[in-house]
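These values consider heavy atoms only, across backbone and side chains, with no hydrogens, waters or symmetry-generated copies. If you're wondering where the values come from, they're calculated on a predicted model, not measured in any experiment.
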Amino acid sequence: MEAKRMAGWCGFLVFFASTLFLVPVFYGHTLTTLMQQFRTVVGVATESKWITFLQLVGTDDWNLYVWGIVLSIQIPFWSVGILFAFLDYYNWPKWIMRYKIQPGTNEPVDLNKLAETIRVVLVNQWAIAFPLLVASYYFQKMINRMPEIQELPTVERTLIDFLVLFIFEEVGVYYVHRLIHHPKLYIRVHKKHHEWRAPVAIASMYSTGTEYFLLLSAAAMGPLLMNPHIITQWVWYAFVQLRSVNEHTGYEFPWLPSAEHHNYHHIMSNACYSHSYFLDWLHGTDKGFKSYIRKKSHIK
């Protein structure tokens with residue numbers, strides 16, 4: 001029976017692979033034409049929506065660059081952060097508790113500690129990030145290199161820009177993060193962030209001013225070098241906020257990217273320095289995490 005099942009699967013895979021090979025051979029030109037037509041229609045529709053948006057908000061580059069980026073940071077961070085603060089304080093709905101990575105922690109969250117975290121985050125966002133954003137705006141104006149506003153970028157350009165931004169930030173965050181774990185820097189620069197051994201969403205931006213500046217610089221380096229379209233920058237900064245918040249929620253939801261990797265960093269402090277797994281794998285700073293996951297799976 002098992003042999004027949006395997007033979008059936010092999011036959012299906014051969015048929016599927018043959019179909020994937022033959023369809024482009026016989027219908028390649030038609031498919032290419034349809035894809036080009038689809039891209040044209042979508043491009044025209046998107047361009048029209050963008051023009052309508054600019055007519056509504058105006059084309060002043062100060063508003064689009066400075067306040068556009070501010071909103072792309074503030075809206076994702078605080079909307080998701082406050083939602084999880086509500087969940088952590090009321091522990092409701094009850095079914096969501098099964099997804100906690102460290103059961104029993106922050107049930108409920110300490111309101112005084114949460115209030116202090118919010119205060120520190122607001123100081124970081126408005127006393128450090130906002131002045132740096134304003135400075136970058138005037139620097140871009142001074143060298144006549146403001147991001148494109150009127151004409152939307154192609155899909156290819158957007159994907160390339162986003163990939164480069166991702167790589168720059170990933171590399172920057174990993175090595176800066178390892179650096180501030182050095183014994184001579186940890187206490188003064190990074191220990192504050194680790195006061196949350198079981199992190200909460202809003203704690204993603206809870207840090208000393210020095211650490212916040214360093215990690216913010218890693219996220220901003222790519223946009224300053226690549227100078228992508230203003231929409232690409234909005235999406236990028238929103239993505240950075242949402243990813244960081246997700247890593248600190250303290251929950252492991254099956255429908256979201258895993259938060260367990262960074263949660264382990266808060267537990268152990270000396271492993272899992274990156275957002276993704278590659279640089280930790282490359283430098284061997286994820287060995288303890290792999291063992292932890294194996295043991296956890298075995299217990300389940």
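Asn246 places a side-chain N or O within 3.5 Å of a backbone atom of Pro257 that can act as its donor or acceptor partner. One N or O on the side chain of Asn227 and one on the backbone of Arg145 form a donor-acceptor pair closer than 3.5 Å. Not a single donor-acceptor pair under 3.5 Å links the side chain of Asp88 to the backbone N or O of Ala85. In this structure, the side chain of Gln241 does not engage the main chain of Ala238 through any donor-acceptor pair within 3.5 Å. With His181 contributing its side chain and His190 its backbone, the two residues share no donor-acceptor pair below 3.5 Å. In this structure, the side chain of Asp286 does not engage the main chain of Phe289 through any donor-acceptor pair within 3.5 Å. Gln102 places no side-chain N or O within 3.5 Å of a backbone atom of Thr105 that could act as its donor or acceptor partner.
Rounding to the nearest 0.5 Å gives a distance of 13.0 Å between NZ of Lys94 and CZ of Arg98. Atom-to-atom distance recorded for Lys287:NZ and Cys272:SG is 13.0 Å, nearest 0.5 angstrom.
Using cut-offs of 30° and 60° for the angle between ring planes, the Trp255 and Tyr99 rings count as perpendicular. The aromatic rings of Phe166 and Phe239 sit tilted relative to each other, their planes meeting at an angle between 30° and 60°. By the 30° and 60° cut-offs, the orientation of the rings of Tyr273 relative to Tyr174 is perpendicular.
Looking at heavy atoms from C-beta onward, Asn124 lies out of side-chain contact with Tyr206 at the 4.5 angstrom threshold. Annotation: side chain of His194 is in contact with side chain of Tyr186 (closest heavy-atom distance under 4.5 Å).
Within 6.0 Å of atom CE in Met221, 12 or fewer heavy atoms from other residues, nucleotides or ligands are found, so the atom counts as exposed in its surroundings. Heavy-atom contacts from other residues, nucleotides or ligands closer than 6.0 Å to NZ of Lys49 number 12 or fewer. Lys192 NZ: more than 12 foreign heavy atoms inside a 6.0 Å radius. By the 6.0 Å contact criterion, CH2 on Trp62 is enclosed, its count of non-hydrogen atoms from other residues, nucleotides or ligands being greater than 12.
Residues Met226 and Leu132 share a single hydrophobic cluster, defined by chaining ILVMFWY side chains whose heavy atoms lie under 4.5 Å apart. If you chain together hydrophobic residues whose side chains sit under 4.5 Å apart, Leu114 and Val120 fall into the same group. A continuous path of hydrophobic side-chain contacts links Tyr90 to Ile82 [ILVMFWY only; heavy atoms under 4.5 Å]. Phe53 and Ile51 end up in different hydrophobic clusters when Ile, Leu, Val, Met, Phe, Trp and Tyr side chains are linked at under 4.5 Å. Residues Leu111 and Phe86 share a single hydrophobic cluster, defined by chaining ILVMFWY side chains whose heavy atoms lie under 4.5 Å apart.
Ring centroids of Tyr65 and Trp234 are separated by 6.0 Å or more, keeping the two rings apart. Checked against a 6.0 Å centroid threshold, the rings of Phe130 and Trp126 count as neighbours.
Of all heavy-atom pairs spanning Trp236 and Leu165, the tightest one is CH2-O, 3.4 Å. Here the closest heavy-atom approach between residue Thr59 and residue Ile149 is recorded as O-CD1, 4.3 Å. Here the closest non-hydrogen pair linking Pro108 and Tyr89 is CB-O, 3.0 Å. Minimum interatomic distance between Pro153 and Thr158 (heavy atoms only, all atoms of both residues): CG-OG1, 3.4 Å.
Looking only at atom types and distance, the side chain of Ser258 has a donor-acceptor partner in the side chain of Glu252 under 3.5 Å away. Under the 3.5 Å distance criterion, with hydrogens and angles disregarded, no donor-acceptor pair is assigned to the side chains of His261 and His265. In summary, the side chains of Thr285 and Asp280 do present a donor paired with an acceptor at a separation below 3.5 Å, with no hydrogens or angles considered. When only modelled atom types and interatomic distance are considered, His177 and His193 share no side-chain donor-acceptor pair under 3.5 Å.
A salt bridge does not link Lys113 to Glu116: none of the charged nitrogens lies less than 4.0 Å from a carboxylate oxygen. Ionic pairing of Glu169 and Arg243 is present here: one or more N-O contacts between side-chain nitrogen and carboxylate oxygen are shorter than 4.0 angstrom.
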Checklist entry - Should His248 and His266 be marked as a ring-ring contact (aromatic ring centres under 6.0 Å, His included) after you check the CA-CA gap, both sets of side-chain angles, and the distance that decides it? => result CA-CA 9 Å; His248 289 82; His266 275 261; 5.2 Å; yes
Next on the checklist: Checking His283 against Tyr175 for the ring-ring contact (aromatic ring centres under 6.0 Å, His included) test, could you report, in this order, the C-alpha distance in whole Å, the side-chain angles of both residues, the deciding distance, and whether it holds?
Outcome noted: CA-CA 11 Å; His283 292 287; Tyr175 291 109; 5.5 Å; yes
What donor-acceptor contacts under 3.5 angstrom involve side-chain atoms of residues 67-76, with partners at least two apart or in another chain?
unit_1 : atom_1 : unit_2 : atom_2 : d
Ser72  : OG     : Ile69  : O      : 2.7
Gln74  : OE1    : Trp78  : NE1    : 2.8
Gln74  : NE2    : Gln125 : OE1    : 3.2

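Cation-pi contact between Lys100 and Tyr251: present, with separation from the ring centre below 6.0 Å and deviation from the ring axis of at most 45°.
Partners of Phe213 by ring pair (Phe, Tyr, Trp, His ring centres under 6.0 Å), not counting sequence neighbours: none found.
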